[in-house]
J.: 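Below you'll find the structure I mean.
A note on names: the letters A, B, ... follow the listed sequences, proteins ahead of strands, and every chain is numbered from 1.
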Number of protein chains: 2
Amino acid sequence: MTAHPPGAAPAGRRAGAERVRDAERTRAEILAVATREFADRGYAGGRINEIAARTRTTKRMIYYYFGSKEQLYVAVLEQAYAGIRALEQQVDVEHLDPVAAIRELAALTFDHHEAHPDFIRLVSIENIHRAEHIARSTVLPDLAEPALAALGTILRRGREAGVFRDDVDALDVHQVISGYCVFRTANRHTFGAVLGRDMLDPARRHHQRTMLGDLVAAFLQAPDPRRAPATAPR
Amino acid sequence: MTAHPPGAAPAGRRAGAERVRDAERTRAEILAVATREFADRGYAGGRINEIAARTRTTKRMIYYYFGSKEQLYVAVLEQAYAGIRALEQQVDVEHLDPVAAIRELAALTFDHHEAHPDFIRLVSIENIHRAEHIARSTVLPDLAEPALAALGTILRRGREAGVFRDDVDALDVHQVISGYCVFRTANRHTFGAVLGRDMLDPARRHHQRTMLGDLVAAFLQAPDPRRAPATAPR
DNA sequence: CTCCGTATGTACCAGTTGGTGAGTTGGCTG
DNA sequence: CAGCCAACTCACCAACTGGTACATACGGAG
C-alpha cells in the first residue's frame, strides 16, 4: 500500500533506475503516488506538480494517462474502493451461531478499517465533495458491499432462531458497525484534540474492539422495545 | 450578493442597514460568509476572493481583520465550536431514571447533529488536516464537551442502580453516540452512492433516532459479557 | 471646523496551478 | 533496416490565488 522499494517488484531490472519504457508501471506509479497525495491533502489540496515530482515521470505523463486532475482523482477513488471489497466476505456465516457470527463480522470490519486509514480519508474527502466524483464513476455503484449479503444471512438466521430483533435490516446494522469503525479513524484528531483521548491508541484497541462486538450483539439481542418497556428486562 | 455596482449601490440607504462604518458588523459578516465557504469547499478549496465577493466588503478587509487565510479559518472553527456547546446539557440527569436519561441524551445529540450539518462538515475537514488548526487554537481545548459531565452522572447512577454495565466510561459512550450521529451526516453521500440509502431521509428519521436510543440502552444494560457467555442469557 | 486614527476601497503583484503544444525516442513489426 | 506508434521529455502559458502598497473617507474628539 505504501511506497514499494523501486527495484524489488519486476524481475530483472536494475535496482535504482533503468525504467525505460513501461506504460503499466508508469501508470501504476502515478496512481500510487496520487493516492497518497489526495488522501493526505484532499482533492483541492492535492497538487499535480507534487505528484509528478514524487514520481519518476513528469507531469505531462499524468495528463497523458489520466487527462485531468479530476479524472486522476476518480481513478484513485475507483482503485481504492476496488482494493477494499476483497477482504469482506470471510465470515463463516453458515456455521457460526448468529451472535458469534455478528461479532465476527464486527471484529473483521473493525480490523479492516483500522488497516486502511488512507481509504477512510479518501472517503471522508469524497464526502466533503458530496460524493460528486464517485457518483460520476461507472464502476463503483455495483460493488454494493458484499458484506451486506453475509450480514443479511446472519440477521435472518438470528431472527429465525428467535434471538435477534426483527425491526432492523442489514443496512441498519451495517450503518452502526461502519459508523463506529469509521468514526474512530476519521474523527480521531478532533476527538483527541477536544476530548483528550486517542481512539486509536493501541493500548485501547482491545477494549474498543470488544466494545463494538458487545454493542452490536446487545442491540440485536435486545427485546423489541415496542412491546417490552425498556426498564423491565425479564 | 454578487458584485455590487460601484456608484449606484445603495444610494438610498437601506432601512436597517446603514453599513457605512461598522467594524463589528463587517467582521461578523466576513466570518459568516467564510464559514459557509470553508464548510462547503474545505480549507484548500475555499477561496478568499470568493468570500470577499460574497461580502459587502472587499478582500482587503479580510486581511485587515483576520490577517491570513489560515487565521480566518481558525476563527471560523473557533466560532463554530463555540456556537455548538450551548445546547448540550439539557438532559434532566438527576430526575430521569438512567435508561430514560441515556435515551434522552442520545436523542438530543441526534437532533443536535442533524441540525448542524455545517459544523460536522467543518469537523470532517479539520480531521483531514489532522486537527492541526484546532490544535493551534487557544480557546478550544477547554470546552471539553459539557455533555460528558451529564453522561458521567447518568452512567454512575445507572451503575449504582445495578442496571448498567461497569466496564465502559463516559468517553466510550460518548464515542458510540457521537460516532453514530456524525457518521450518518458526514458519510451520507458515499453511503448513499454505494449502498443506495439516504441516511438522512426524513422518512427514516424516526427509525434512525429510535435505533440510536435502543443501541445505547441495550449496550449499557447488557450483562457484562466477561462473565456471562453471549449465547446464554438465562 | 479641524484633526486624526480607524475603517475601507482600488489597483496591483509575484508565485503557483492545472493544463498543453510540439517535438523525441524506444522498441516492436514487417 | 525502415517504418511507426506508443511512451516519453521539455518548455511554456493563461488564469488564478493569497497577499499587499497606497490612497481615502468616515466620524468622533477637541
Side-chain angles (χ1 to χ4, degrees), chain A residues 6 10 12-14 17-35 37-38 40-76 125 129 132-133, chain B residues 2-11 13-14 17-34 37-38 40-76 125 129 132-133:
Chain A
R13 282 301 130 40
R14 198 79 54 79
E18 197 65 26
R19 67 275 130 80
V20 249
R21 248 160 179 234
D22 192 337
E24 201 89 2
R25 181 190 175 78
T26 302
R27 220 190 107 100
E29 189 180 356
I30 291 173
L31 210 48
V33 174
T35 298
E37 174 77 1
F38 285 130
D40 214 52
R41 322 208 187 181
Y43 174 66
R47 293 292 119 100
I48 294 285
N49 285 330
E50 190 62 25
I51 296 172
R54 282 208 260 265
T55 313
R56 273 186 307 234
T57 59
T58 63
K59 178 164 63 162
R60 194 68 187 78
M61 282 295 94
I62 296 177
Y63 286 92
Y64 181 70
Y65 284 113
F66 296 96
S68 71
K69 182 183 184 181
E70 187 173 345
Q71 284 173 274
L72 173 60
Y73 175 68
V74 171
V76 164
I125 289 163
H129 294 278
E132 58 183 45
H133 308 100
Chain B
T2 51
H4 34 251
R13 195 109 8 272
R14 208 66 50 88
E18 194 71 20
R19 78 268 132 71
V20 245
R21 252 178 122 94
D22 190 337
E24 201 90 3
R25 180 188 176 79
T26 303
R27 219 191 109 99
E29 189 180 356
I30 291 171
L31 210 48
V33 175
E37 174 77 2
F38 285 131
D40 214 53
R41 321 207 188 179
Y43 174 66
R47 292 292 120 100
I48 293 284
N49 285 330
E50 192 62 25
I51 295 171
R54 282 208 260 263
T55 314
R56 272 188 305 237
T57 60
T58 61
K59 179 164 61 163
R60 189 64 188 80
M61 284 295 94
I62 296 177
Y63 286 92
Y64 182 70
Y65 284 113
F66 296 96
S68 72
K69 181 182 184 181
E70 185 173 347
Q71 284 172 273
L72 173 61
Y73 175 68
V74 171
V76 164
I125 290 163
H129 294 281
E132 58 182 48
H133 308 99

J.: Is Gly46(A) touching bases, backbone alone, or none of the nucleic acid, heavy atoms closer than 4.0 Å?
T.: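 Sugar-phosphate: the residue Gly46(A), judged by heavy atoms under 4.0 Å, touches backbone atoms but no base.
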J.: Should Tyr63(A) be listed as having a side-chain N or O under 4.0 Å from OP1 or OP2 of dG19(C)?
T.: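 Checking Tyr63(A) against dG19(C): at least one side-chain N or O falls below 4.0 Å of OP1 or OP2.
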J.: Within this structure, what is the NZ-to-C1' distance between Lys59(B) and dT17(D), rounded to whole angstrom?
T.: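 These atoms are roughly 7 Å apart.
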J.: To the nearest 0.5 Å, tell me how far Gln71(A) CD sits from His133(A) NE2.
T.: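 The CD atom of Gln71(A) sits 11.0 Å away from the NE2 atom of His133(A).
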J.: Starting at CD of Glu24(A) and ending at P of dC8(D), how long is that distance when rounded to a whole Å?
T.: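 It is 11 Å, rounded to the nearest whole Å.
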J.: Between atom CG in Asp22(A) and atom P in dC28(C), what is the gap in whole Å?
T.: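 My rounded result for the distance is 11 Å.
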J.: Inspect the contact between Arg56(B) and Glu29(B) and indicate whether a charged nitrogen and a carboxylate oxygen are less than 4.0 angstrom apart.
T.: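 Salt bridge present between Glu29(B) and Arg56(B).
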J.: With heavy atoms under 4.0 Å as the rule, sort Tyr65(A) into base, sugar-phosphate or nothing.
T.: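 Sugar-phosphate only.
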J.: How close or far is atom P of dT17(D) from atom CG of Leu72(B), stated in whole angstroms?
T.: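 Roughly 15 Å, once rounded to whole Å.
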J.: Whether the side chain of Lys69(A) and the base of dG19(C) hold a donor-acceptor pair under 3.5 Å is what I'd like checked.
T.: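 It does not, because no donor-acceptor pair links the side chain of Lys69(A) to the base of dG19(C) below 3.5 Å.
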J.: Tell me: CD1 of Ile51(A) to P of dT17(C), nearest whole Å?
T.: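 After rounding, the gap between these two atoms is 12 Å.
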J.: Given dA7(C), dA22(C), dT20(D), identify the nucleotide with an atom nearest to the side chain of Tyr64(B).
T.: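 Out of dA7(C), dA22(C), dT20(D), the nucleotide with an atom closest to Tyr64(B)'s side chain is dA7(C).
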J.: Taking only the side-chain nitrogens and oxygens of Ser68(B), find out if one of them lies under 4.0 Å from OP1 or OP2 of dG19(D).
T.: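 Answer no for this pair, as no side-chain N or O of Ser68(B) is under 4.0 Å from OP1 or OP2.
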J.: Quick one: Asn49(B) CG to dT10(C) P, roughly how many Å, whole number?
T.: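 After rounding, the reported distance stands at 15 Å.
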J.: Arg41(A) CZ to dT17(C) P: how many Å, rounded?
T.: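 Spelled out: CZ on Arg41(A) to P on dT17(C) is 10 Å.
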J.: So how far is it from Tyr43(A) OH to Ile125(A) CD1, rounded to the nearest 0.5 Å?
T.: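 Reported value, rounded in 0.5 Å steps: 12.0 Å.
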J.: Is there side-chain contact between Ile51(A) and Leu72(A), with heavy atoms separated by less than 4.5 Å?
T.: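 A side-chain contact exists here, since the closest heavy-atom pair is under 4.5 Å.
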J.: So does Thr57(A) get a side-chain nitrogen or oxygen closer than 4.0 Å to the phosphate oxygens (OP1/OP2) of dA7(D)?
T.: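 For dA7(D), neither OP1 nor OP2 has a side-chain N or O of Thr57(A) closer than 4.0 Å.
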J.: Give the rounded distance in Å between these two atoms: CD1 of Ile62(A) and P of dT9(D).
T.: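 Going from CD1 in Ile62(A) over to P in dT9(D) covers 12 Å.
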J.: Under a 4.0 Å N-O cut-off, is there an ion pair linking Arg47(A) with Glu37(A)?
T.: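 No.
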J.: Return no unless some side-chain N or O of Arg60(A) is found under 4.0 Å from OP1 or OP2 of dC8(D).
T.: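 Negative; the distance criterion is not met.
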